[in-house]
Amino acid sequence: MSGGGGHEHHEHIHCTACGKHLDVEEFEAPATAVWVKCQHGSEFPSCTACLDKTKERLAEHDRTGKPVETAHAWH
């Protein structure tokens, strides 16, 4: 896993927790992906199935101030 910062909302998006490629359409109803904010206001993408794990990673970031540990991207 590599540390990463907040992500711009663009068409090449990967889940923070599992690294799966997410298409923009997946954020629309019925959503299978969501944006989650850390306490600093940066947004991170997550599969709905990985939401708990993404929130755990953001909580660790918020607690320690270290970069969010993001999964390796895959397609």
Side-chain angles (χ1 to χ4, degrees):
M1 291 182 200
S2 61
H7 299 277
E8 294 289 327
H9 295 211
H10 53 74
E11 295 188 25
H12 202 83
I13 306 165
H14 293 269
C15 177
T16 301
C18 75
K20 176 185 178 279
H21 175 80
L22 301 171
D23 292 318
V24 175
E25 296 80 23
E26 293 181 69
F27 294 88
E28 300 169 4
T32 57
V34 296
W35 291 98
V36 185
K37 284 187 181 183
C38 70
Q39 290 178 353
H40 306 97
S42 295
E43 292 186 309
F44 296 84
S46 180
C47 302
T48 54
C50 294
L51 188 55
D52 289 341
K53 184 67 175 172
T54 297
K55 287 181 177 180
E56 288 175 17
R57 290 175 184 227
L58 296 184
E60 177 72 10
H61 158 72
D62 291 333
R63 186 179 64 74
T64 66
K66 294 180 181 177
V68 175
E69 288 292 322
T70 57
H72 291 285
W74 61 275
H75 293 256

Legend entry - Heavy-atom pair of closest approach, residues Cys18 and Cys47: SG-SG, 3.8 Å
Inset, instruction - Looking only at non-hydrogen atoms, find the nearest pair between Gln39 and Asp62 and report the distance. - result: N-OD1, 3.0 Å
Legend entry - Residues that Glu56 engages under side-chain contact (heavy atoms from CB on, under 4.5 Å), provided they are two or more places apart: Lys53
Inset, instruction - Would you confirm whether Ser42, through its side chain, and Cys38, through its main-chain N or O, come within 3.5 Å as a donor-acceptor pair? - result: no
Legend entry - Contacts of type side-chain hydrogen bond (donor to acceptor under 3.5 Å, both in side chains), residue Thr48, not counting sequence neighbours: none
Legend entry - Where Ala17 and Cys50 come nearest, the two heavy atoms and their spacing: CB-CB, 3.7 Å
Inset, instruction - Please report the shortest heavy-atom distance between Phe27 and Leu22, naming the atom on each side. - result: CZ-CD1, 4.0 Å
Inset, instruction - Considering non-hydrogen atoms only, spot the tightest contact between His61 and His40 and give its length. - result: NE2-ND1, 3.0 Å
Legend entry - Glu60 bridged to Arg63 by N-O distance under 4.0 Å: yes
Legend entry - Pairwise distance CH2(Trp35) to OG1(Thr16) - rounded to 0.5 angstrom: 8.0 Å
Legend entry - side-chain contact (heavy atoms from CB on, under 4.5 Å) partners for Lys55, two or more places apart: Val36, Leu51
Inset, instruction - Describe, in one word, how the ring planes of His21 and His14 are oriented to each other, choosing from parallel (under 30°), tilted (30 to 60°) and perpendicular (over 60°). - result: perpendicular
Inset, instruction - Kindly give the heavy-atom pair with the smallest separation between Thr54 and Cys15, and that separation in Å. - result: OG1-SG, 4.4 Å
Legend entry - Side-chain donor or acceptor of Arg57 paired with backbone N/O of Val68 under 3.5 Å: no
